Amino acid sequence: MKRFLALLLALVMTMALVACGSKTDTPATPDTPPASTDQPAPETPAEKVSLNVIAAQYGDLTKDWWANFQTEFNASHDDIDLNVEVVSWNDIYTVVNTRISGNTPPDILNIDVFADYVADDLLRPIQDFVSDETYAKFYPAFLEQSNIDGTIWAIPDLASARAMYYNADILEAAGVAAPPATWAELRDACEKIKAYDSSIYPWGVDMTTDEGQACFAYYIWNNGGDFTDAQGNWTLNTPENVEAVEYIVGMVKDGLTNSDPANETRYDLQELFAGGKLAMMIGPNQITNYVEGSANPINFGIASIPANEGKETASVGVMDRFMVFDNEDTDDKVDAIKEFFDYFYEDTRYSDWVIMETFLPATTTGGEIMAAADPAAGEWINIVGSARFYPTAKAEWADVKQGVIDVEQHALLGGDVAELLDTLQASLPN
């Protein structure tokens, strides 16, 4: 029993010494809390900014290019989830309108028209979403095409310009000394070509729903006319415009053009031109590659579009746009959109895109790169930098576009040009 008590006492004393020793070895301070054994909570990953883009399909390579762009962009931007949907031009208007009706518009849209979206309060001013460095790259004339009441609503994606293509061998064989520069010279050249070989169409005209508005612009702008006056009022029935339409309709009726301008598109004309069956036509820069890539390339040249006597020649510029929808964007979304545009318009990447699609650049730096890579493109860069554009900033443009095509086609059937333009003008607000 005594032995048991002695062992118990020894055990109690040992436990007391251990307790005292631990306190002595690590004295506690009132100001220092005991160390926590809890591990820090893992950081919650930041939520990515979702960025949705609808882009127009220009050619067979467009989808692959955007797919690669999306992959590379996402790989270099951990905080952004970019999704680019490429839609054909035949479907893009329907797709966009369906998204808008369903209250799910894209963040960024690549298309040609924009004024209707502005009128419906669907867009944000584009300068809010583009860095100063990128914005400074654009040709000022291009930006002005998206100006409504002092606000720029879109930036140009890419562009094309128009010039006169001519078959040098046909002109020489027909006795035409130089490419025609005036309307009188054009008619004279066409008559000589027709007399030389009646199987060759002298002059190409597209009054279809595809390019009829371009045809209208070719002749009114080169006769001192215009779609609007300096105040932006519609001026479709001016004497200059009437004379211009009468001139080209007269050329058709006199057999100096392709036989069916109301149905033969620019693409039909370029096939005839590349095949040596059409002597002259107005077209964009893409025709150069088309003709040079044909089985039997022709000897062709490029010149300014003929103008009426005493009038300055004018090219027609066509451009598409990027615009940003008003989706009540957060600051993070605004920054993400700026990143998108900076990435897209990086000089080398943007130039590669434009060259791949066989268009012309909408930035001065892109123009410099393209001209350096292809000296023959230098002439087109000069043309597009000073081209005139359709009044797409006006909400009525879609109706006017179809309206002038209707005027041309009715004039081909014998309608009075002045009366047709008066009727169209009267249907528009001013």
Side-chain angles (χ1 to χ4, degrees), residues 55-62 65-66 69 89 110-114 126 130 134-146 152 154-166 206 210-211 213-214 217-218 221-222 266-267 269-270 273-274 281-293 300-305 313-323 341 344-390 392:
Q57 182 174 3
Y58 291 97
D60 295 336
L61 302 177
T62 305
W65 190 91
W66 275 115
F69 179 95
W89 279 106
N110 165 219
I111 205 171
D112 52 350
V113 296
F114 78 104
I126 195 65
V130 182
T134 294
Y135 195 81
K137 295 179 180 181
F138 299 112
Y139 290 109
F142 282 29
L143 292 172
E144 281 302 307
Q145 304 315 306
S146 301
I152 307 298
I155 50 176
D157 166 21
L158 40 68
S160 67
R162 308 301 168 89
M164 179 178 70
Y165 285 81
Y166 62 91
D206 177 354
D210 184 56
E211 287 269 296
Q213 76 285 351
Y218 296 151
W221 280 345
N222 284 287
R266 184 249 295 176
Y267 302 99
L269 297 181
Q270 73 181 20
F273 183 74
M281 67 173 291
I282 300 172
N285 51 291
Q286 292 94 331
I287 290 180
T288 296
N289 291 338
Y290 183 85
V291 174
E292 290 176 344
F300 72 96
I302 300 171
S304 298
I305 298 174
T313 184
S315 175
V316 175
V318 178
M319 74 176 201
D320 298 324
R321 299 168 166 85
F322 281 115
M323 58 208 72
F341 286 132
F344 179 84
Y345 286 105
E346 187 275 323
D347 292 338
T348 301
R349 182 177 295 107
Y350 176 65
S351 298
D352 289 345
W353 151 258
V354 173
I355 292 171
M356 182 270 291
E357 294 288 14
T358 67
F359 279 89
L360 296 173
T363 66
T364 55
T365 50
E368 292 166 0
I369 291 173
M370 179 176 283
D374 180 9
E379 181 180 355
W380 281 107
I381 301 301
N382 293 332
I383 290 173
V384 77
S386 58
R388 299 179 67 173
F389 294 86
Y390 305 130
T392 52

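In this chain, residues are counted from 1 in sequence order. Predicted model only: the values in this text are computed from it and were never measured. Both backbone and side-chain heavy atoms feed into the values below; hydrogens, waters and symmetry mates do not.
Atom-to-atom distance recorded for Y166:OH and I302:CD1 is 8.5 Å, nearest 0.5 angstrom. Atom-to-atom distance recorded for I155:CD1 and F114:CZ is 13.0 Å, nearest 0.5 angstrom. Atom OH of Y135 and atom CG of L143 lie 4.5 Å apart (nearest 0.5 Å). Rounded to the nearest 0.5 Å, atoms CD1 (I287) and OG1 (T358) are 10.5 Å apart. Distance check, rounded to the nearest 0.5 Å: CE of M281 to CG of L269 gives 5.0 Å. Y267 OH to Q286 CD: the interatomic distance, rounded to the nearest 0.5 Å, is 7.5 Å.
You'll find the side chain of M319 stays beyond 4.5 Å of the side chain of L360, heavy atoms only. A 4.5 Å side-chain heavy-atom check between I126 and F341 finds at least one atom pair inside the cut-off. When side chains are defined from C-beta on, F322 counts as touching F344, because their heavy atoms get closer than 4.5 Å. Looking at heavy atoms from C-beta onward, W380 lies out of side-chain contact with F359 at the 4.5 angstrom threshold. A heavy-atom distance below 4.5 Å is not found between the side chains of W221 and I305. Annotation: side chain of F273 is not in contact with side chain of Y290 (no heavy-atom distance under 4.5 Å).
Partners of T392 by side chain to side chain donor-acceptor pair (under 3.5 Å), not counting sequence neighbours, listed by chain and number: R321. Among residues two or more places apart in sequence or in another chain, the salt bridge (Lys or Arg N to Asp or Glu O under 4.0 Å) test is passed with R162 by E211.
For the pair A163 and I383, the tightest heavy-atom approach, listed with the atom from each and the gap, is CB-CD1, 4.3 Å. Residues I369 and T348 approach most closely at CD1-N, 4.4 Å, considering heavy atoms. Contact record, S315 with A161: OG-CB, 3.9 Å, taken as the closest heavy-atom pair. Taking every heavy atom of both residues into account, S304 and M164 meet most closely at O-CB, 3.7 Å. Between A217 and V316 the shortest heavy-atom distance is CB-CG2, 3.9 Å.
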side-chain contact (heavy atoms from CB on, under 4.5 Å) assessment of M323 paired with I111: CA-CA 8 Å; M323 58 208 72; I111 205 171; 3.6 Å; yes
Residue pair Q145, Y390: steps toward the side-chain contact (heavy atoms from CB on, under 4.5 Å) verdict: CA-CA 8 Å; Q145 304 315 306; Y390 305 130; over 6 Å; no
Residue pair Y58, D157: steps toward the side-chain hydrogen bond (donor to acceptor under 3.5 Å, both in side chains) verdict: CA-CA 12 Å; Y58 291 97; D157 166 21; 2.9 Å; yes
Steps toward side-chain contact (heavy atoms from CB on, under 4.5 Å) verdict (E357, T62): CA-CA 8 Å; E357 294 288 14; T62 305; 2.5 Å; yes
Q57/W89 under side-chain contact (heavy atoms from CB on, under 4.5 Å): CA gap, chis, key distance, verdict: CA-CA 6 Å; Q57 182 174 3; W89 279 106; 5.6 Å; no
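Listed by first then second residue, pairs satisfying salt bridge (Lys or Arg N to Asp or Glu O under 4.0 Å) with a partner in residues 346-356 read K137-D347, E346-R349, not counting sequence neighbours.
Between the side chain of D320 and the main chain of L158, no donor-acceptor pair closer than 3.5 Å is present.
The aromatic rings of F142 and Y139 lie tilted to each other, with the angle between the two planes from 30° to 60°.
The closest side-chain donor-acceptor pair between T288 and Y165 falls under 3.5 angstrom.
At most 12 non-hydrogen atoms from other residues, nucleotides or ligands lie less than 6.0 angstrom from CG of D60.
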